[in-house]
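Here's the structure we're looking at; comments come further down.
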Amino acid sequence: MSNQTATMNIPKQAGYGQAMAIICILFFVFGFVTWLNGTLIQFFQIVCELNVSQALLVTMAFFMAYFFLSIPSSFILNKTGFKNGMALGLLIIAIGSLVFIPAANARSFGMFLTGLFIQGAGLALLQTASNPYASIIGPKESAAKRISILGICNKTAGALAPLILGSIILKGAEKLEADIAAAVDPVQKSALLDSLASRVISPYVAIAIVLTILAFLLKRSSLPEIDTDAEDATTAASTNGKTSVFQFPQLVLGVICIFMYVGVEVMAGDVIGQYGKALGMSIADTRYFTTFTLVAMLAGYVIGIATIPKYLTGKKGLQISAVLGVFFTIGAYLNTGFSAVTFIALLGLANALMWPAIFPMAIDGLGRFTKIGSALLVMGIAGGGVIPQIYSGMFDQHSMFSFLYSSSIDFRHAFLYCMVPCYLYILFYSLVGDKIGRK
């Protein structure tokens with residue numbers, strides 16, 4: 001759909017600024033809920049007595065919800081419209097947050113994963129609606145810049161999330177971990193674990209309350225609907241004769257690109273704490289490492305806003321980002337200690353402009369296929385669950401992907417082997433992938 005058509009469909013009384021403000025709030029919610037996972041991985045590893053691969057099922061449960069529910073989300077949006085669908089998504093996330101109450105009381109990792117999957121389902125609905133909305137409510141040339149602004153909201157929340165949750169549920173965790181390990185009486189050990197598990201209840205109840213209030217306010221807001229099925233002459237020509245969204249190679253390759261991108265983003269943000277622990281650092285230090293990555297991403301978004309489209313196109317920004325990703329990954333591999341962690345955190349800078357560039361490039365020219373195309377791209381977010389498991393499978397025999405490797409390697413090599421191919425594919429997409437199949 002043309003951006004002119006999309007803009008004309010926004011009622012004047014609602015305004016572009018108001019629409020962007022509401023979407024900014026939603027992206028803040030995405031960031032806060034999503035980037036709690038880095039802290040939860042370390043928390044569950046203690047509370048539920050897990051190995052690395054089991055703890056990384058946190059990202060698997062959360063992000064695989066996108067894979068299973070993104071396409072159903074597009075059908076829901078066809079029935080509800082964008083605004084009601086977003087409100088419903090917020091309520092679903094709230095329900096997932098409340099599942100943490102019985103999960104903590106039972107100290108059941110399976111129940112925690114269920115809550116995370118439900119949260120991911122709500123986010124799949126929100127993402128399927130909000131990303132195309134943000135891409136097409138303004139000029140095409142500034143789509144990457146617009147999504148970068150939303151990314152600042154997202155990553156600001158993401159930087160705050162581990163600081164807030166970590167200070168609540170991991171306070172004094174190093175001493176507690178030592179006390180739990182030293183406890184010889186099973187009853188005493190169970191009591192310590194139960195006490196630690198209960199810490200997660202209050203923050204997640206608060207999250208559920210806030211999300212419910214936001215859903216009500218969103219429902220009552222004047223957020224305008226947009227017609228993603230409308231097409232101008234240029235878009236109609238590009239979709240003429242097309243009967244399936246899979247007839248757009250730039251979209252199909254873009255889905256793979258999103259899969260790779262979210263995988264490396266989660267590795268840089270959620271796995272960084274595990275990487276630090278493997279290097280011998282204490283949980284008192286590692287619980288805040290996710291914040292370092294998110295701060296680097298914030299810096300990347302600021303650079304994007306300042307340079308796109310005045311000095312850089314989104315496409316050129318994606319090319320530079322992919323090269324930086326390879327460079328910083330190799331830097332992490334060649335260093336140890338805090339130097340290695342610093343290079344991983346800097347991957348946040350490399351990753352910042354990727355989503356703002358990939359999403360608009362992939363849905364450009366889809367016309368009436370925009371909703372389903374957006375849903376497929378959001379499905380690609382499942383990479384955030386799969387790639388960390390592939391990573392752990394290279395050195396942990398308990399991983400579901402360990403059967404892929406005849407012999408284990410150390411975690412540093414595993415990180416290198418997972419990340420570099422992903423960045424190289426992103427570079428391929430930025431150079432030629434989005435052009436394939438276009439007239």
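The first residue of the sequence shown is numbered 1, and numbering continues consecutively from there.
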For a side chain to side chain contact (heavy atoms under 4.5 Å, CB included) check, start with the C-alpha distance between I344 and F328, then their side-chain angles and the critical distance, and finish with the verdict. CA-CA 7 Å; I344 295 176; F328 291 146; over 6 Å; no
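- For T290 (side chain) and G269 (main-chain N/O), a donor-acceptor pair under 3.5 Å exists by modelled atom type.
- Using modelled atom types and a 3.5 Å distance limit, the side chains of S97 and Q119 yield a donor-acceptor pair.
- With F112 as the fixed residue, the ring-ring contact (aromatic ring centres under 6.0 Å, His included) test singles out one of F117, F44, F62: F44.
- Here the side chain of N335 pairs a donor or acceptor atom with the backbone of G331 at under 3.5 angstrom.
- Without hydrogens or angle criteria, Q127 side chain to M379 main chain gives no donor-acceptor distance under 3.5 Å.
- For T291 (side chain) and A159 (main-chain N/O), a donor-acceptor pair under 3.5 Å exists by modelled atom type.
- The shortest heavy-atom contact between F100 and G96 is CD1-O, 3.6 Å.
- Taking the six-membered ring where tryptophan is involved, the planes of H413 and Y417 are tilted, since the angle between them lies from 30° to 60°.
- Checked by atom type and distance alone, the side chain of R199 pairs as donor or acceptor with a backbone atom of K171 at under 3.5 Å.
- No side-chain heavy atom of L160 sits under 4.5 Å from any side-chain heavy atom of W35.
- With hydrogens and angles left out, the side-chain atoms of K277 and Q274 include no donor and acceptor closer than 3.5 Å.
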